[in-house]
Amino acid sequence: MTNVHSLPESPEFTPFWRHVAERRLCFPMCRSCGRRHWYPLPRCPHCLAADIDWEPVGPDGTLFSWTAVNHAFTPEFAGKVPYTVGLIAFAGAPGVRLITEVRAPPACALRIDMPVRAVFTGRTGAEGLHFVPAIT
Ligand SMILES: [Zn+2]
């Protein structure tokens, strides 16, 4: 079973969603080599250590890429299309690229490396997080 916006509902993601519910972004970081990774894994993909912790990053990122979703592949999405799914990169978290919804006004043209900012809605799961273009 998948959660809305494509992140699987699995135990490895539970800390991520708990942090989102607390209105912050946290990603796995290896205490052994100090590198981050995404998706969550029981061992560091860089050094294979099992000493993983969740470390926060700020709400600001950049738009690495995006796509428009115009077709509801499951009935749950029928009322949601069209929507935009973005791949968000974070300066403070090299190697992490988060797949998430991006909401932008129709007149706002998305572009590669556009500054974006996390919006926490207080809802549970993926409905608790999306990104918007940052005002710069
Ligand atoms: Zn490591």
Side-chain angles (χ1 to χ4, degrees):
M1 183 172 191
T2 57
N3 202 336
V4 176
H5 307 294
S6 79
L7 289 179
E9 286 181 8
S10 64
E12 293 82 10
F13 285 85
T14 299
F16 178 79
W17 294 120
R18 188 182 68 243
H19 292 300
V20 167
E22 297 167 355
R23 297 178 182 271
R24 60 186 184 149
L25 290 173
C26 292
F27 295 104
M29 177 180 276
C30 174
R31 289 186 188 199
S32 179
C33 73
R35 297 175 71 181
R36 294 182 190 263
H37 59 272
W38 189 248
Y39 295 129
L41 296 167
R43 289 189 172 271
C44 172
H46 309 292
C47 74
L48 302 181
D51 194 8
I52 307 294
D53 204 358
W54 288 76
E55 295 290 333
V57 300
D60 296 311
T62 55
L63 187 59
F64 183 83
S65 188
W66 73 92
T67 188
V69 178
N70 294 294
H71 176 76
F73 291 96
T74 61
E76 298 83 27
F77 288 85
K80 183 133 180 95
V81 291
Y83 62 95
T84 301
V85 173
L87 194 56
I88 310 299
F90 301 90
V96 170
R97 290 182 186 145
L98 178 67
I99 298 171
T100 187
E101 184 178 2
V102 176
R103 296 181 187 173
C108 179
L110 298 178
R111 60 178 171 75
I112 298 295
D113 291 332
M114 170 183 267
V116 291
R117 176 166 289 162
V119 175
F120 300 97
T121 67
R123 298 176 68 182
T124 58
E127 293 296 328
L129 173 68
H130 63 270
F131 279 70
V132 297
I135 298 171
T136 55

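Atoms within a ligand are numbered from 1 in the order they appear, just like the ligands themselves. All of these numbers come straight from a predicted model, not from anything done at the bench.
- When all heavy atoms of P28 and I52 are compared, the closest pair comes out as CB-CG2, 3.8 Å.
- Within the 2.8 Å limit, C47 places at least one N, O or S atom next to the Zn ion (ligand 1).
- In this structure, R36 fails the cation-pi test against F27, since its NZ or CZ atom is not both closer than 6.0 Å to the six-membered ring centre and inside 45 degrees of the ring normal.
- The shortest heavy-atom contact between P59 and L25 is CA-CD1, 4.4 Å.
- Among the atoms of C44, an N, O or S atom is found under 2.8 Å from the Zn ion (ligand 1).
- Ring centers of F90 and W38: at least 6.0 Å apart, outside the cut-off.
- Our summary of the site lists the angle at the Zn ion (ligand 1) between SG of C33 and SG of C30 as 110°, to the nearest 10 degrees.
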